[in-house]
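As a basis for the values below, the full set of heavy atoms in this structure was taken, side chains included, without hydrogen atoms, waters or symmetry mates.
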Amino acid sequence: MNQQYSERMGRHMALLRRQKKLTQEQLAARLQVQGCDLTRSALAKVEVGQRHLYPDELKALRKALGVSYEELFV
């Protein structure tokens, strides 16, 4: 995954999270309940493009945010 895509994806994820009125901590907690070990710190890195997401994390994020894959990958 290239850096520009990672940064764009991260900004979009942050936007979706804020639209749902969730903090990084709250989203991380929702992910933990689903068995996805994505911490608040890891989420922060994703949102600034410093960390990429694995397929299982994308699946959990889609569910935790209550969005479709199409909305996740805009």
Side-chain angles (χ1 to χ4, degrees):
M1 204 179 308
N2 71 34
Q3 186 62 33
Q4 286 179 326
Y5 181 79
S6 292
E7 289 172 2
R8 190 178 77 206
M9 179 69 173
R11 283 192 304 271
H12 182 66
M13 287 205 29
L15 175 66
L16 289 172
R17 177 182 56 76
R18 288 191 303 268
Q19 285 176 343
K20 300 293 180 173
K21 299 184 180 0
L22 294 170
T23 64
Q24 289 175 341
E25 192 68 37
Q26 290 168 325
L27 181 54
R30 285 186 180 193
L31 293 166
Q32 296 286 323
V33 168
Q34 293 183 53
C36 178
D37 193 27
L38 199 59
T39 64
R40 192 225 41 91
S41 176
L43 278 173
K45 288 179 181 180
V46 168
E47 289 184 1
V48 295
Q50 293 179 348
R51 182 189 184 282
H52 70 277
L53 291 164
Y54 294 97
D56 60 324
E57 294 170 338
L58 287 167
K59 183 178 176 182
L61 276 165
R62 183 200 62 79
K63 187 175 179 182
L65 290 169
V67 297
S68 67
Y69 284 112
E70 291 80 15
E71 291 171 289
L72 194 60
F73 289 105
V74 168

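- Residue Ala42 comes nearest to Leu38 through the heavy atom pair CB-CD1, 3.7 Å, listed as atom of the first residue, atom of the second, then distance.
- Side chain of Gln26 to backbone of Thr23: a donor-acceptor contact under 3.5 angstrom is found.
- Using a 4.5 Å heavy-atom threshold, the side chains of Gln19 and Leu15 count as touching.
- Side-chain atoms of Met9 and Leu58, non-hydrogen and from C-beta on, do get closer than 4.5 Å to each other.
- Looking only at distances, no side-chain donor or acceptor of Glu57 sits under 3.5 Å from a matching main-chain atom of Cys36.
- To the nearest 0.5 Å, atoms OG (Ser68) and CG (Leu65) are separated by 11.0 Å.
- Between Arg40 and Lys45, every side-chain heavy-atom pair lies at or beyond the 4.5 Å cut-off.
- Annotation: side chain of Glu7 is in contact with side chain of Arg11 (closest heavy-atom distance under 4.5 Å).
- At least one donor-acceptor pair closer than 3.5 Å links the side chain of His12 to the backbone N or O of Glu71.
- No side-chain heavy atom of Leu16 sits under 4.5 Å from any side-chain heavy atom of Leu22.
- Atom CZ of Phe73 is separated from atom CZ of Arg8 by 11.0 Å, given to the nearest 0.5 angstrom.
- Proximity of Lys20 to Val67: side-chain heavy atoms (C-beta onward) are separated by under 4.5 Å at one or more points.
- Between Leu61 and Leu27, the closest side-chain pair of non-hydrogen atoms falls below 4.5 Å.
- A distance-only check finds no donor-acceptor pair linking the side chain of Arg62 to the backbone of Tyr69 [under 3.5 Å].
- In this structure, the side chain of Arg30 engages the main chain of Ala64 through a donor-acceptor pair within 3.5 Å.
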Going through the checks in order, is the side-chain hydrogen bond (donor to acceptor under 3.5 Å, both in side chains) test met by Glu47 and Gln24?
-> CA-CA 10 Å; Glu47 289 184 1; Gln24 289 175 341; 2.9 Å; yes
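- Side-chain contact between Gln32 and Asp37: present, with at least one pair of heavy atoms (C-beta onward) separated by less than 4.5 Å.
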